[in-house]
Amino acid sequence: MSAHNRGTELDLSWISKIQVNHPAVLRRAEQIQARRTVKKEWQAAWLLKAVTFIDLTTLSGDDTSSNIQRLCYKAKYPIREDLLKALNMHDKGITTAAVCVYPARVCDAVKALKAAGCNIPVASVAAGFPAGQTHLKTRLEEIRLAVEDGATEIDVVINRSLVLTGQWEALYDEIRQFRKACGEAHLKTILATGELGTLTNVYKASMIAMMADFIKTSTGKETVNATFPVAIVMLRAIRDFFWKTGNKIGFKPAGGIRSAKDSLAWLSLVKEELGDEWLKPELFRIGASTLLSDIERQIYHHVTGRYAAYHDLPMS
Amino acid sequence: MAATRAGPRAREIFTSLEYGPVPESHACALAWLDTQDRCLGHYVNGKWLKPEHRNSVPCQDPITGENLASCLQAQAEDVAAAVEAARMAFKGWSAHPGVVRAQHLTRLAEVIQKHQRLLWTLESLVTGRAVREVRDGDVQLAQQLLHYHAIQASTQEEALAGWEPMGVIGLILPPTFSFLEMMWRICPALAVGCTVVALVPPASPAPLLLAQLAGELGPFPGILNVLSGPASLVPILASQPGIRKVAFCGAPEEGRALRRSLAGECAELGLALGTESLLLLTDTADVDSAVEGVVDAAWSDRGPGGLRLLIQESVWDEAMRRLQERMGRLRSGRGLDGAVDMGARGAAACDLVQRFVREAQSQGAQAGDVPSERPFYPPTLVSNLPPASPCAQVEVPWPVVVASPFRTAKEALLVANGTPRGGSASVWSERLGQALELGYGLQVGTVWINAHGLRDPSVPTGGCKESGCSWHGGPDGLYEYLRPSGTPARLSCLSKNLNYDTFGLAVPSTLPAGPEIGPSPAPPYGLFVGGRFQAPGARSSRPIRDSSGNLHGYVAEGGAKDIRGAVEAAHQAFPGWAGQSPGARAALLWALAAALERRKSTLASRLERQGAELKAAEAEVELSARRLRAWGARVQAQGHTLQVAGLRGPVLRLREPLGVLAVVCPDEWPLLAFVSLLAPALAYGNTVVMVPSAACPLLALEVCQDMATVFPAGLANVVTGDRDHLTRCLALHQDVQAMWYFGSAQGSQFVEWASAGNLKPVWASRGCPRAWDQEAEGAGPELGLRVARTKALWLPMGD
């Protein structure tokens, strides 16, 4: 990731006048999927690009070192080597952007990646993930421990109650403290947009969180996760923030992105709303676990003209 | 590993992440053209009509210029044949019960569904519009239109009792249009039992394909006939004796010319003119979403025309920055590409917009570079166009957006309503009160709140002012092709030697005709203008005689200046009156009814003097009072809410007053006809300038005495004098919003001709008497339809 967002002073005037029209955003979300699509080589190239944006994630209660190890290996070799060769892309060093695990599994992941001989960063969720309903002190401690274990990216959840009750200053302070606890590690702030009530709240929370760092849609544990309407609002907030401060803030949709086709729509959404500058792993991530295998399946089809059987592709 | 299918470019694309072509195959469109041997004729009476010795026009791919087919141009005899086929088909089609027509329309919808790929590729290939818009928008809506109107047809006998289909409809479509425009008009026409002859511009195969699909359904071959031909055929089609109504869709100037040339002709005329739309962006709006509204309106191949964009000054910079940012990401390209926003619309459209932009620049506007590259024209944003420059007055062409600032909502309304066009508009504001205020205040046919360009078969779409007053969709669309049952067929009243320049120009001078021997007290002398009796500008009078030829009295001789004053007074009274609640308006009408009853004996004796029996005279007075009360009560229930598929929130169908309505009353029924016309006009919130019965204006003047005490000043103005002269003044008045004329055939012809000036809707009797004492003709739903105009107000909801 690029240099840290140094953060900005809290300025509540940036969120005081904002209006988001829900039905209009829904219409835009519908349109954007229908108006842009890529085919053939473009599709293959875009899908490979999408691979480099993936935070390959496992956040299950039954994670152990063995499946973390498998995940890390898959992160290093996301697409079968011969397929990449066929596309003449084998020398591009295509890996996923990061692996994302629970704090207790950070050590396993760091070890596995070291064994695989690569420097893919390890991201850890933290700060009372996924509900954020623990004491601030333990949330901060959780971040520090994850960083100590070798996580270089920290995905924290915000305290939704602060948004729903309009305590923007408190929210800002919390995120600043998270930021500080991260030290050199990168911070991604999960807004849990499915629980914020309105799109206007999503915009406001985005703005406040950006005064701290990278923003992410959801934990993957809410009932509603990464949706296009929410993303449109967040991307517009990112653009407004860039126009106001000159700082480019990254964006990470997570949860519910499963098909290769979805990932293409997400890429074109970012391209349309923010522009090509945002289409790099420093500024755009996709949090996903099963997406990668569907992308690999599509690449297989593109290269061979056949649909792959389950056993044709290595599991992650 | 199988042979690799990957090309060499993946590496580059991986770095650049550019979009690639997403071509949609048009093989099936070409195959269909092949079935016609690449030569398209006309589709008449369920068969292809390919007459010999006709000129042909090439149908080209607007992007590559490749010749796709040649299209035969119709001639007068082909038009006659098509109208004859439609006339023959009308007999059977209209005689069937609505359910049968409903089944037929449903079958047509099913056929379209089965062959939709052919339809959308053909349409996109030939018109150059983005295939996404045709496929996901037009084709789906075409089917919905058929289904909606099938339902309307099936309930026609109950829901539309008292109305019958007009007959053969001549439909005229503009050079660039979507086949959907045709569907909006043929669906209601066919549903109510009319048959259609559509004249489409050369080289538009999609309507021909539709006609073929409809014709091949079988039992009713002649109900939809499509001819392709040049604009010179328009008057020929319009004046065919079999045509009962001409529905014209196209440029305002052509519509105006057609209005003039059809004056006095047999066919009625419905105009839908212009393509410009309006977007009002207030400072409480979600600006990003409003920018998407601009894209929907002008830069997405959805709307046909350009956009006038009004931005509140406090968000001007923000909005312009976002617009420019968004414009930069729009993609133009071949219509048959799945990832373009805008296709191409041919050389004529490019020339038009190029001229407009160059002219705007020469008048001081900023518009960026004028591209010379063809066939695509990029989205264009024009700003700083001085409001007084000539360019600011003309219609904005596709794909131009002309942005100008406003300071307050009040000023926005003044600017927005300050054009002769009244098509559609959207209001962007998150404040409900402000949005509704603007929505109600805009003089247009459709208003979307925080959305733009939504359409649905059940919502009437139309316009007002010079956008023409014809409607399609919803109940209003059906009435376009219906007429009250039992009324005599509309005949041509064309008088070739009527001189429009001199008709009613001079007032024959009147001389004193002896002393008045009327009953005393004589009604007050003067013109009833602005709530009081005023001396006429000409300072002369005309004698009124009773049925036995004796002088009854003198009335003031009104002239052009009096009409001007009366229209002004009516305009001053209009905002206050239109703003009254229906209940308050009803109360005043009831008060007038009571006053009439008090004056019953005077009124009856005056009617007696005009040769009526005492009993009949008293009955006429009573009926007049009843009419006032009835309209007062009826107006309580105007407008209603529609529910649209896929939209959360209501669509309001409002019935708004027209404005200042000019009414020339018939000679017969001097009291009843006057009141029967006055009552609905006032009930719906219009203010009126009335010319009472020429033979006996005294009764109207008697009513004026009561109006002077009951009504606010200026609500109803009554001008006596020479009928032809006053008719001329009113018909040529640009600030009269509608005109009803009950009088001679010549006068009717003149009124129809003169209405082309501001395209006011006119209702002319063409010399046919009306039974004003009958409920249907004197107070029927026809009056209720004509007395107000519809506005559709879309209110999407969601938080």
Side-chain angles (χ1 to χ4, degrees), chain A residues 17-28 30-32 34-49 52 82-83 85-89 91-92 94 197-200 203 232-233 235-236 239-240 243 267-268 271-273 275-276 279-280 299 301-306, chain B residues 1-23 130 132-133 135-136 283-290 292-293 295-296 300 315 318 321-322 325-326 328-329 331 338-341 428-431 449-452 454 647-649 796-799:
Chain A
K17 277 185 71 182
I18 183 63
Q19 301 285 351
V20 179
N21 188 280
H22 189 252
V25 171
L26 292 188
R27 275 196 305 277
R28 169 73 176 142
E30 262 172 39
Q31 285 171 1
I32 210 157
R35 288 189 182 176
R36 292 290 183 267
T37 162
V38 281
K39 297 277 180 224
K40 303 216 164 80
E41 283 175 275
W42 283 267
Q43 190 179 43
W46 278 52
L47 286 174
L48 289 178
K49 195 74 183 183
T52 68
D82 55 336
L83 298 179
K85 268 204 179 111
L87 287 165
N88 193 20
M89 295 290 288
D91 54 351
K92 283 278 188 182
I94 291 176
T198 66
L199 291 181
T200 308
Y203 183 96
I232 286 170
V233 172
L235 292 172
R236 285 174 179 172
R239 188 190 51 205
D240 290 352
W243 282 353
L267 257 63
S268 60
K271 187 178 166 77
E272 290 297 307
E273 289 287 331
D276 290 344
L279 287 175
K280 49 188 179 189
I299 299 278
H301 177 249
H302 175 75
V303 171
T304 64
R306 295 156 190 259
Chain B
M1 173 68 55
T4 174
R5 301 198 309 154
R9 295 205 50 205
R11 284 177 80 94
E12 291 163 40
I13 304 165
F14 182 78
T15 314
S16 68
L17 273 187
E18 66 195 359
Y19 290 114
V22 189
R132 148 190 59 79
E133 208 49 59
R135 179 190 58 210
D136 303 342
D283 63 357
T284 63
D286 174 355
V287 179
D288 281 305
S289 291
E292 292 306 324
V295 174
D296 285 344
S300 69
V315 287
E318 195 189 342
R321 180 169 190 183
R322 279 158 213 267
E325 170 86 10
R326 184 72 178 88
R329 301 201 194 286
R331 302 184 75 229
V340 303
D341 296 292
W428 294 79
S429 165
E430 292 300 313
R431 273 177 29 216
I449 305 288
N450 293 326
H452 199 106
L454 307 180
L647 176 90
R648 295 189 62 231
M797 66 183 188
D799 175 40

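Each chain gets a letter, A, B and so on, in the order its sequence line appears, and its residues count up from 1. Values reported hereafter were calculated over all heavy atoms of this structure, with side chains retained and with hydrogens, waters and symmetry mates removed.
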* Find the one option among L17(B), V22(B), T15(B) whose heavy-atom pairs under 4.5 Å with chain A are most numerous. => L17(B)
* Structure fact -> Of V295(B), D296(B), V340(B), the largest count of non-hydrogen pairs under 4.5 angstrom with chain A goes to D296(B)
* Where on E318(B) is there a heavy atom nearer than 4.5 Å to chain A: the side chain, the backbone, both, or neither? -> neither
* Non-hydrogen atoms of chain B under 4.5 Å away: do they reach the side chain of R28(A), the backbone, both or neither? -> side chain
* Identify which part of L454(B) has an atom lying under 4.5 Å from any heavy atom of chain A, answering side chain, backbone, both or neither. => side chain
* Structure fact -> Nearest heavy-atom contact between E41(A) and R9(B) is OE2-N, 2.9 Å
* Where does R648(B) contact chain A at under 4.5 Å (heavy atoms): side chain, backbone, both or neither? -> neither
* To do: Taking only Lys NZ, Arg NE, NH1 and NH2, and the carboxylate oxygens of Asp or Glu, determine whether R239(A) and D288(B) approach each other closer than 4.0 Å.
  => yes
* Asked: chain B heavy atoms under 4.5 Å from S268(A): which part of the residue, side chain, backbone, both or neither?
  -> both
* Structure fact -> Between V20(A) and E430(B), the two heavy atoms sitting closest are O-OE1, 4.4 Å
* **Side-chain touch N450(B)/H22(A), heavy atoms, less than 4.5 angstrom** => no
* To do: Could you check if a side-chain atom of E325(B) sits within less than 4.5 angstrom of a side-chain atom of W243(A), using non-hydrogen atoms only?
  => yes
* For the rings on W46(A) and Y19(B), is their centre-to-centre separation under 6.0 Å? -> yes
* N-O pairing of R321(B) and D240(A) below 4.0 Å -> no
* Asked: What part of Q31(A) lies closer than 4.5 angstrom to a heavy atom of chain B: side chain, backbone, both or neither?
  -> side chain
* With respect to chain B, which residue among L47(A), D276(A), T198(A) yields the maximal number of heavy-atom pairs within a distance under 4.5 Å? -> T198(A)
* Provide the closest heavy-atom pair for R329(B) versus K271(A) in the form atom of the first, atom of the second, distance. => NH1-O, 3.7 Å
* To do: Would you mind reporting whether I94(A) and F14(B) have side-chain heavy atoms less than 4.5 Å apart?
  => yes
* Do the non-hydrogen side-chain atoms of P23(B) and K40(A) ever get within less than 4.5 Å of each other? -> no
* Asked: So, for G338(B) and T37(A), which heavy atoms are closest and what is the spacing to 0.1 Å?
  -> O-CG2, 3.8 Å
* **Inter-residue atom distance R27(A).CZ - S289(B).OG, 0.5 Å rounding** => 8.0 Å
* Asked: Non-hydrogen atoms of chain B under 4.5 Å away: do they reach the side chain of A44(A), the backbone, both or neither?
  -> neither
* **Contact summary for S300(B) and R35(A), nearest pair of heavy atoms** => CB-NH2, 3.9 Å
* To do: Say whether, by atom type as modelled, one donor and one acceptor occur between the side chain of R11(B) and the main chain of N88(A) under 3.5 angstrom.
  => yes
* Looking at D286(B) and N21(A), what are the two nearest heavy atoms and their distance? -> OD2-N, 2.7 Å
* For chain A, which of G293(B), A451(B), A290(B) has the most heavy-atom pairs under 4.5 Å? -> A451(B)
